[in-house]
Asker: 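One structure is given below, represented as structure tokens, and several questions about it will come after.
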Amino acid sequence: MNILDKIIVDKKREVILKKSIIPVSQLEASVFFEKRTISLSDNLRNSNSGIIAEHKRRSPSKAEINYSFTVEEVTKGYENAGACGISVLTDGKYFGGSLDDLLLARAAVNIPLLRKEFIVDEYQILEAKAHGADLILLIAAVLTREEIKSLSEFSKSLGLEVLLEVHNQEELEKSIMPTLDMIGVNNRNLKTFEVSLDFSKQLAAQIPDDFVKVSESGISSVEAINELKPFGYKGFLIGENFMKTDNAGKAAMEFISKL
């Protein structure tokens, strides 16, 4: 069993436990169910930089990245730097995140927030909406075509955008459907953790232009972004590169100003 399989087993169990104590009606009572969401896909289409900056304390491939900032410091720093949106990890066991991080980010900034999570159930999408997210991530590697369809349709019914993450041609082909807004290519193989920008380059031509193209993981330089832009990428998700510094917002500002 690889790390991704392990995460999904744990996640399904986590959702069962949460559902047993917090009813859907409680999530739907959140103030955010009345609020309009902010479109990340629009922001990316109209941006010169296309940066989606990530709040991430740790990951399975890097035990600890950074625990020394508050969510507010990081997210405000990213907003001031000119990020198009912010990705907030909400997985606890493997990434040190939580739904509270999403709530605090929402209280701090007025740009689109992505709930970065291993979504396997509609309940998690309700949680995302209830905690102030504007969009969710669906990972093709762990979902069937039918699941992608039902989960993306459910997201759209709540006014949330959908970023679908793929890693290879097979995942892309099974996933293309009108209920997606953005298609992200993960340059990190989630099974081996090997990173290469070639994944984004090879899949670019197969992604229809109706979707905003996003490249994720392993982007640590302005050169990498300039290399990917001719392939039609408008969004670039960067986490570790900013979080591993003493000041994530400042690192993001310096990076974006170079672009």
Asker: Surrounding NZ of K250 (heavy atoms of other residues, nucleotides or ligands, distance under 6.0 Å), is the total greater than 12?
Answerer: no
Asker: Please list all pairs meeting ring pair (Phe, Tyr, Trp, His ring centres under 6.0 Å) that have one or both residues in residues 34-72, counting only residues at least two apart or in different chains.
Answerer: none
Asker: Compute whether any side-chain donor of one residue and acceptor of the other, for S196 and N187, lie under 3.5 angstrom apart.
Answerer: no
Asker: Scan residues 145-155 for pairs that pass salt bridge (charged side-chain N to carboxylate O under 4.0 Å, His left out), counting only residues two or more places apart or in two chains.
Answerer: K149-E153
Asker: Quick one: which residue pairs count as a ring pair (Phe, Tyr, Trp, His ring centres under 6.0 Å) with a foot in residues 132-172, not counting sequence neighbours?
Answerer: H167-F199
Asker: Could you give all pairs that pass the salt bridge (charged side-chain N to carboxylate O under 4.0 Å, His left out) test and reach residues 168-187, with sequence neighbours left out?
Answerer: K156-D181
Asker: Return each pair, listed once, that meets ring pair (Phe, Tyr, Trp, His ring centres under 6.0 Å) where at least one residue sits in residues 209-238; pairs must be two or more places apart or across chains.
Answerer: none
Asker: Of all residues at least two apart in sequence or in a different chain, which pass the ring-ring contact (aromatic ring centres under 6.0 Å, His included) check with Y78?
Answerer: F242
Asker: Using 4.0 Å as the upper bound for N to carboxylate O, is an ion pair formed by E216 and R188?
Answerer: no
Asker: Which pairs pass side-chain hydrogen bond (donor to acceptor under 3.5 Å, both in side chains) with one or both residues in residues 92-108, sequence neighbours excluded?
Answerer: D10-K93, D10-Y94, R57-D101, R106-D134
Asker: Using the test side chain to side chain contact (heavy atoms under 4.5 Å, CB included), find all partners of S39 that sit at least two apart in sequence or belong to another chain.
Answerer: S41, D42, E161
Asker: Do K11 and D121 sit within salt-bridge range, that is, some charged N less than 4.0 Å from a carboxylate O?
Answerer: no
Asker: Output all residues satisfying salt bridge (Lys or Arg N to Asp or Glu O under 4.0 Å) with K201, sequence neighbours left out; order by chain, then residue number.
Answerer: E227
Asker: Using modelled atom types and a 3.5 Å cut-off, is there a donor and acceptor pairing between side-chain atoms of S217 and backbone atoms of N186?
Answerer: no
Asker: Could you tell me which residues satisfy ring-ring contact (aromatic ring centres under 6.0 Å, His included) with F95, sequence neighbours excluded, listed by chain and number?
Answerer: F118
Asker: Could K129 and E28 be called an ion pair, given the rule that one side-chain N must be under 4.0 Å from one carboxylate O?
Answerer: no
Asker: Has E165 got a side-chain atom pairing as donor or acceptor with I183's backbone, closer than 3.5 angstrom?
Answerer: no
Asker: With M182 as reference, evaluate L44, I207, L164 under the side chain to side chain contact (heavy atoms under 4.5 Å, CB included) test and give the passing residue.
Answerer: L44
Asker: Flag yes if more than 12 heavy atoms outside N46 fall under 6.0 Å of its CG atom; otherwise flag no.
Answerer: yes
Asker: Taking the side chain as C-beta and beyond, is there a heavy-atom pair between Q202 and D198 under 4.5 Å?
Answerer: yes
Asker: From I136 CD1 over to L151 CG, what is the distance, rounded to the nearest 0.5 angstrom?
Answerer: 6.5 Å
Asker: I'd like to check the salt bridge (Lys or Arg N to Asp or Glu O under 4.0 Å) partners of K76; sequence neighbours left out, ordered by chain and number.
Answerer: E72
Asker: Please determine which of I86, T70, I111, L104 meets the side chain to side chain contact (heavy atoms under 4.5 Å, CB included) test together with T75.
Answerer: I86
Asker: Does atom CG of N48 have more than 12 heavy-atom neighbours, drawn from other residues, nucleotides or ligands, at distances under 6.0 Å?
Answerer: no
Asker: Tell me which pairs pass side-chain hydrogen bond (donor to acceptor under 3.5 Å, both in side chains) where either residue lies in residues 240-249, with sequence neighbours left out.
Answerer: K62-E240
